[in-house]
Asks: 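I have a structure here, written as structure tokens, and I will follow up with some questions on it.
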Protein chains: 2
Amino acid sequence: MLEINNAFNSDHNHDHCVSGALNNAKAICKENGQRLTPIRELVLRLVWGSHKPLGAYELLPALAEAGFNSAPPTVYRALDFLHQLGLIHKIGSLNAFVGCSNPEHPHPSAFMICTECKTAAEIETSELQTSFNRVANTHGFQLEEENIELLGLCSDCRGNES
Amino acid sequence: MLEINNAFNSDHNHDHCVSGALNNAKAICKENGQRLTPIRELVLRLVWGSHKPLGAYELLPALAEAGFNSAPPTVYRALDFLHQLGLIHKIGSLNAFVGCSNPEHPHPSAFMICTECKTAAEIETSELQTSFNRVANTHGFQLEEENIELLGLCSDCRGNES
DNA sequence: AAATGTATTGTTATAATATAACAATAACTG
DNA sequence: CAGTTATTGTTATATTATAACAATACATTT
Ligand SMILES: [Zn+2]
Ligand SMILES: [Zn+2]
Ligand SMILES: [Zn+2]
Ligand SMILES: [Zn+2]
């Protein structure tokens, strides 16, 4: 069935999200012979500060506070590194990044994004995949990557409408 | 069935695409009591120069050549105008714009984008919509907008692979 | 036509996002 | 340790987008 992370559940234990993400990151880096350096780990923690996608420049102040150089290339390098390992996703329409809920299994970027509270909840796409593959096959298109954004109001924000 | 515009068909009569787009634009502007001014029409023509999404700054030289002021606000205003009427779509991951194949019926932005030749072909999403609605409904999400990008190689570029 | 108000465009400046290029340092390998 | 590679520091710049206000064009009423 369609699954999702618990981003839209405001009661969820977010510490669990963060610790899970960190554990995943360590394992995946090890598997790939890559190093989760202090900067990379901090950037990952910051991105996982919430389920709201963060822009690169929103990370710089926290990097500075932590005593690191905080010029743009620093944060973009860390973001690129995490992105290449599938530990974060980029939301194209927002120029912003959000932690991946299931990096153990590489998968396309697919989100429901609340335009009110800005929360982005990852969608499990295995069912959608059938449709996408059919579209691609029909046109001889070799599907390699996907950016799927569903924008609207999450249930919390629907309730709060004026 | 799943339909698509003919962007990936390199033999198609592209003049027909352009003239159709212009006719649509005129009709839709009239319906909405908006004016398709010379700048707006030129920007629409430029975007429709091909099926490859164009960035705002790629339009500026042609605007200058045509004798218009060519500062960024000019082109962004025209792009915003066309976007609001559904005459063009924005491809979030490319920061670029492409003409809409079927503006008479407002619909979400959904494309196959060839990473080799850069061509973007619009996808008819009525079938996908069922899946998206189901995802949204399952989570109490009020779906309002979509950005769907399928990235990969079009059939022409697959053939040309080394 | 003249006066008025609105929509559009011109213009200047600046904000926000992202990368190039090279130097310095840290980590790994033999 | 010396040599090599990976990572980070640093400066500069490229790219994308908007703010703010002035000038002009268009539409509406008198
Ligand atoms: Zn969480
Ligand atoms: Zn993910
Ligand atoms: Zn065409
Ligand atoms: Zn369209």
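Residue numbers begin at 1 in each chain, while the letters A, B, ... track the order of the sequences. Everything quoted here is computed from the prediction, not taken from an experiment.
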Asks: Run the side chain to side chain contact (heavy atoms under 4.5 Å, CB included) test on Leu94(A) and Ile113(A) for me, step by step, so that the C-alpha distance in whole Å, both residues' side-chain angles and the decisive distance to 0.1 Å come before the verdict.
Replies: CA-CA 10 Å; Leu94(A) 300 177; Ile113(A) 304 164; 4.2 Å; yes
Asks: Could you check how far CZ of Phe68(B) sits from C1' of dA25(D), rounded to whole Å?
Replies: 13 Å
Asks: Return no unless some side-chain N or O of Asn95(A) is found under 4.0 Å from OP1 or OP2 of dT16(D).
Replies: no
Asks: Indicate yes or no: does Arg158(B) engage Glu116(B) in a salt bridge with an N to O separation below 4.0 Å.
Replies: no
Asks: Please state how far atom CZ in Arg77(A) lies from atom C1' in dA6(D), giving the value in whole angstrom units.
Replies: 11 Å
Asks: Rounded to the nearest angstrom, tell me the gap between atom CZ in Phe97(B) and atom C1' in dT15(D).
Replies: 14 Å
Asks: Using only side-chain N and O atoms of Lys90(B), determine if any of them is under 4.0 Å from OP1 or OP2 of dA17(D).
Replies: yes
Asks: Using a heavy-atom cut-off of 4.0 Å to chain B, what are the terminal contacting nucleotides of DNA chain C, in 5' to 3' order?
Replies: dT8(C) to dT12(C)
Asks: Starting at the 5' end of DNA chain C, which residue's closest nucleotide do you reach first, Tyr57(B) or Arg35(B)?
Replies: Arg35(B)
Asks: Expressed in angstrom and rounded to an integer, what is the separation of Glu58(B) atom CD from dA14(D) atom C1'?
Replies: 14 Å
Asks: I would like to know whether His83(A) and His89(A) meet side chain to side chain donor-acceptor pair (under 3.5 Å); could you show each step before the answer?
Replies: CA-CA 6 Å; His83(A) 192 225; His89(A) 293 286; 5.5 Å; no
Asks: Between atom CD1 in Ile39(B) and atom P in dA25(D), what is the gap in whole Å?
Replies: 12 Å
Asks: Is there a donor-acceptor contact under 3.5 Å linking the side chains of Asn102(B) and Glu122(B)?
Replies: no
Asks: Just how far, in rounded Å, is P of dT7(D) from CG of Asp80(A)?
Replies: 13 Å
Asks: Output the rounded distance in Å from CZ (Phe81(A)) to C1' (dT7(D)).
Replies: 10 Å
Asks: Please report, rounded to the nearest Å, how far the P atom of dA17(D) is from the CD1 atom of Ile91(B).
Replies: 13 Å
Asks: Please round to the nearest 0.5 Å and tell me the distance separating atom CG of Leu44(B) and atom CD1 of Ile39(B).
Replies: 13.5 Å
Asks: Where do Gln129(B) and Glu146(B) land on the side chain to side chain donor-acceptor pair (under 3.5 Å) test, with the steps shown first?
Replies: CA-CA 10 Å; Gln129(B) 219 53 48; Glu146(B) 297 164 22; 2.2 Å; yes
Asks: Can you check whether Tyr76(B) has a side-chain N or O nearer than 4.0 Å to OP1 or OP2 of dA17(D)?
Replies: yes
Asks: Evaluate Ile91(B) against Ser93(B) for side chain to side chain contact (heavy atoms under 4.5 Å, CB included), listing each step before the verdict.
Replies: CA-CA 6 Å; Ile91(B) 309 294; Ser93(B) 70; 4.1 Å; yes
